[in-house]
Structure formats: C-alpha cells, structure tokens
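Below: one structure, written as structure tokens.
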Amino acid sequence: MGSAPAGSDFLQKTGMAEPPRSCDCFVSLPPGSRDDHVIFGKNSDRPRDEVQEVGYHPAAPHPPGSMLECTYIQIPQVEQTHAVVLSKPAWMWGAEMGANDQGVCIGNEAVWTREAVSPGEALLGMDLVRLGLERGDSAWGALTVITSLLEQHGQGGPCREDPEPFSYHNTFLLVDRNEAWVLETAGRLWVAQKVTEGVKNISNQLTIGAEGSAEHPELRSVAQAQGWWDGEGEFNFSQVFSPENPPARMELAKQRYRGGTELLQQHDGSVTAEVMMSILRDKPSGICMDSGGFCTTGSMVSVLPRDSSLPCIHFFTATPDPSRSIFKPFVFSDCSTSVLGVVSPQFGPDDPVRKQPRFQSQVDRRHELYKAHQVALGTMETNPDEGLAVYEILRDLESQCLTDISAMLNGEIPGEELGELFFDSVDTEIKFYQ
C-alpha cells in the first residue's frame, strides 16, 4: 500500500469526501482604485454541474414573531429586511455573494481550522451572507449580524447538493462605500480586520495574524484552554487556528492567494470594474478555476462610489467560467424585479433538498440563460470560429456598457433607466445565443 495522501486524516476528521476547492474575493479602496470608488469582486468556485442563479428580493416588513426558513434551519425573522440581489446556488436559500440597497456587498470562502466542523445542520456560510445583506446597513453592521447569528445558531450542514458529507467554516469579505472588513471564523469563534485603503484579497485560508481589529470575547481563552496558545506574547489568529495538517488543496489555495495579491498589486492605484473582471478571468493564477470536479460557477463585480448621491453598480455573470461569460449590470431602483431568464425553476416541498433524507435525487435547476450559455460553450468547442465570433460581439457589448456606466458615474450622461439594464443585458445575451 502507498502512503496516505497529505492531509487525508484531516479530511476524515472534517467530514469531507475530497479535498476542498476554492473561491477568491477581492476589494480595492481608494487610493487602490483609479476613481473615488470601492471595487468588490468574487469568483464562486463550486461543483462543476451546480447552477448559480441571480435573484432580486425586495425590501419587506415582517410580522413580529415570524420565523425564517433558511437552507436547513428556521430562525426568528427581523421586522424589516433590505432589498438584495444575490448570486446563489439554485438549491439553497443562502448566497455565495450579493449586495443590498444600502451599498453593502458580501462574499464568503470555505475555510478549515483546528476547531472541528460540527456535523449537524445549522446555518450555512451562504445563509450568513444573505442574512448579513438582508439585515446589515453597513459592512460593520452586516458583520455584527453574522457574528451574533453564529453565536446563537452556529454554522454547519452539507455545503453541496450531495448525500456525501461536505462541510466547512467560513471567511467573509464585507464591503461598503467607505471600508471593508475581513471576517474569519472557527465554529462560533471569530476575528475581524478592518481595511480602509488600498487592495486586499482572501482565499481559502486564514489571513488575519496579530492585526485583528475586533474578535469574539472568548477567542483567546478557548485557544489557551485547548493548548493552542500559551497566553504569552502576541496572539496570531491564523497561526493559532490554522490546521496542523492542512489538505493539499488548501495548500494550493495559498498559490491562488499569492497570485491574486500579485494581480491586485500590479493594478494598485488603477483598479476599475474592468480590471477586477480581468482578474476574475485570469486562468494562469487559477482564480478562474477549472479543476477536477470544480469550476467557477458564477462571478460578481461591484462599483461602490464614495459619493452616496451616485448609484452602486453590481455586475453578475449568472453563468460559469467568467473567461467565457459576460458581466451584466444590476442597479437597485424602484422598479427592480427578478429577471426570470436567470432564475431557476422552483420545486417546492418536492425539492430533494427539503425531503428527508436529503439529496436522494437530482432535479434540473438550469435557468434559461444557463441553458443557452451551455449550448454556446459547446459551439466554442466544436466550431471555435463561430463560437468566438459570438463571444467577441458580446464582449464588445459588455465594454460599451462599462463605458456608458463610467460616463454616468462621472456625470457625463444622465443615469435614468438604469433599473432596466440587467433585464436588457440578460435578454440580449439569450437572443444572441439563439
């Protein structure tokens, strides 16, 4: 028998059938950005066949005492929730990334720590992303929402649509018009770092050392009680809580983290939405992922102007592989609605996620744009000239759209009718593929 692969004992302990894959989140704050804008970006790397939908949910009041059904558990609802736009795996309640009408964006990353992943069903990291957006009016406000829900309900439960267990803890990047916060968790414990200028990225690992700005009140005492920290000298969160034998894929994430840092630093001082999109499309670094059973299934870039009289613009692909997808702009307005072309079919109580035991069968969750895009990807493989010609026309439309939005944010053209942009862009893309 050959020796066990690196970290295989760790995989058994964490209930993972295979080593983790990954995501990457990025932020640029002035002076890292070319303009007086905060720029957010995320690639969501998920199981290859998983469909990601983009949905809009309006602001809403809720009756006192009502309960909210998350992916696996119910929690008390709050009296008022913000409007949100979410890029989410179609089978779950939570989201990989999204924004609210208060100018807050959040993305999460899988992470494994010395704190064991609880086997029971609790809140998914993706549920916490959505809850932070629905309830938080700033990056810090959303962070306090997430940490208090972690304290009350914990995190855990299957993170993919499969009966094989696959669970993890989470790190989050929370961004608003003024600042960003990196939030790293281990079970119910957490530490956070405030970022007020320049560029920052996170991947699937702990990055906060001794420079935390806020932390769980029992973080150090738990670390000491477990024998992970001697209580002497400085407390370095990532050193104290990183697993002793991380799996090989978690080690590979370090290369992506370094690659992402290098790409950001190359553009430090000149980051724009276009630059962020080019980073998310970067194949050599592995940030645009296509590896084993996983790929980038959805991507998001947001422009948050410091001037609060200007609208925030949120771009979504709603399709896999950003290097062969188009970013389409969404702007919150009084007439915002969901765009049905990027919303997956609903299966109600018959959904295999809702039935016990869960995930015993599969359903077709593909939305209209996803299906059309899959056909177009097939054409790129079988008839590259035709496929690339269509893609280049769409990329030209994306560029024109970015130019118009830039002109609008600079006050050169009026910002009317922005509320229809997302619908028009999705509609145009579907028609092109047909």
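Note that the structure is predicted; figures quoted are calculated from it, not measured. The basis for the numbers below is simple: all heavy atoms, side chains too, and nothing from hydrogens, waters or symmetry mates.
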inquiry  = One pair to check against side-chain hydrogen bond (donor to acceptor under 3.5 Å, both in side chains): Lys254 and Asn204. What are the steps and the verdict?
reply    = CA-CA 8 Å; Lys254 285 185 183 169; Asn204 304 83; over 6 Å; no
Using a 3.5 Å distance criterion without hydrogens, assess whether the side chain of [X] forms a donor-acceptor pair with backbone atoms of [Y].
X	Y	answer
Thr296	Gly298	no
Asp427	Asp424	no
Arg306	Asn178	yes

Validation row: Met408, Glu412 side chains within 4.5 angstrom (heavy atoms) = no
message = Does any part of the side chain of Ser28, heavy atoms only, come nearer than 4.5 Å to the side chain of Val38, both counted from C-beta?
response = no
With the threshold set at 4.0 Å, does a side-chain nitrogen-carboxylate oxygen contact exist between [X] and [Y]?
X	Y	result
Glu161	Arg365	yes
Glu398	Arg395	yes
Arg130	Glu96	no
Asp321	Lys283	yes

[atom1]-[atom2] distance between [X] and [Y], expressed to the nearest 0.5 angstrom:
X	Y	atom1	atom2	result
Trp112	Leu206	CH2	CG	11.5 Å
Glu368	Ile430	CD	CD1	4.0 Å
Arg177	Leu29	CZ	CG	13.5 Å
Asp24	Phe26	CG	CZ	4.5 Å
Met289	Ser323	CE	OG	13.5 Å

note = Applying ring-ring contact (aromatic ring centres under 6.0 Å, His included) to His37 and not counting sequence neighbours gives none
query = Have Thr147 and His216 got a donor and an acceptor in their side chains that come within less than 3.5 Å?
reply = no
Donor-acceptor side-chain pairing of Glu134 and Thr81 below 3.5 angstrom = no
Test side-chain contact (heavy atoms from CB on, under 4.5 Å) applied to Glu262 - qualifying residues, sequence neighbours left out = none
Side-chain polar contacts of residues 179-189 - donor-acceptor pairs under 3.5 angstrom, sequence neighbours left out - could you list them?
{"residue": "Glu179", "atom": "OE2", "partner": "Trp181", "partner atom": "NE1", "Å": "2.8"}
{"residue": "Glu184", "atom": "OE1", "partner": "Thr207", "partner atom": "N", "Å": "3.0"}
{"residue": "Glu184", "atom": "OE1", "partner": "Ile208", "partner atom": "N", "Å": "3.1"}
{"residue": "Glu184", "atom": "OE2", "partner": "Thr207", "partner atom": "N", "Å": "2.9"}
{"residue": "Glu184", "atom": "OE2", "partner": "Thr207", "partner atom": "OG1", "Å": "2.6"}
{"residue": "Thr185", "atom": "OG1", "partner": "Gln155", "partner atom": "NE2", "Å": "2.9"}
{"residue": "Thr185", "atom": "OG1", "partner": "Asn170", "partner atom": "N", "Å": "3.3"}
{"residue": "Thr185", "atom": "OG1", "partner": "Asn170", "partner atom": "O", "Å": "2.6"}
{"residue": "Arg188", "atom": "NH1", "partner": "Glu151", "partner atom": "O", "Å": "2.5"}

task = Go through the steps for Gln52 and Thr297 under the test side-chain hydrogen bond (donor to acceptor under 3.5 Å, both in side chains), then give the verdict.
result = CA-CA 6 Å; Gln52 204 148 135; Thr297 56; 3.0 Å; yes
Could you pull out every donor-acceptor pair under 3.5 Å between side chains of residues 53-61 and any protein atom, sequence neighbours left out?
{"residue": "Glu53", "atom": "OE1", "partner": "Ser344", "partner atom": "N", "Å": "2.7"}
{"residue": "Glu53", "atom": "OE2", "partner": "Lys88", "partner atom": "NZ", "Å": "2.8"}

message = Please evaluate residues Ser399 and Asp396 with respect to the criterion side-chain hydrogen bond (donor to acceptor under 3.5 Å, both in side chains), reporting the C-alpha separation (whole Å), side-chain torsions for both, the decisive distance (0.1 Å), and the verdict.
response = CA-CA 5 Å; Ser399 293; Asp396 286 345; 5.2 Å; no
query = Centroid-to-centroid, His314 to Phe40, below 6.0 Å?
reply = no
ask   = Residues in side-chain hydrogen bond (donor to acceptor under 3.5 Å, both in side chains) with Asp268, at least two apart?
value = none
Which residues share a salt bridge (Lys or Arg N to Asp or Glu O under 4.0 Å) with Arg34, sequence neighbours left out = none
query = Within 45° of the axis and under 6.0 Å from the centre of the six-membered ring of Phe166, does NZ or CZ of Arg160 qualify?
reply = yes
task = Sort out for me which residue in Phe237, Phe241, Phe235 forms a ring-ring contact (aromatic ring centres under 6.0 Å, His included) with Trp229.
result = Phe235
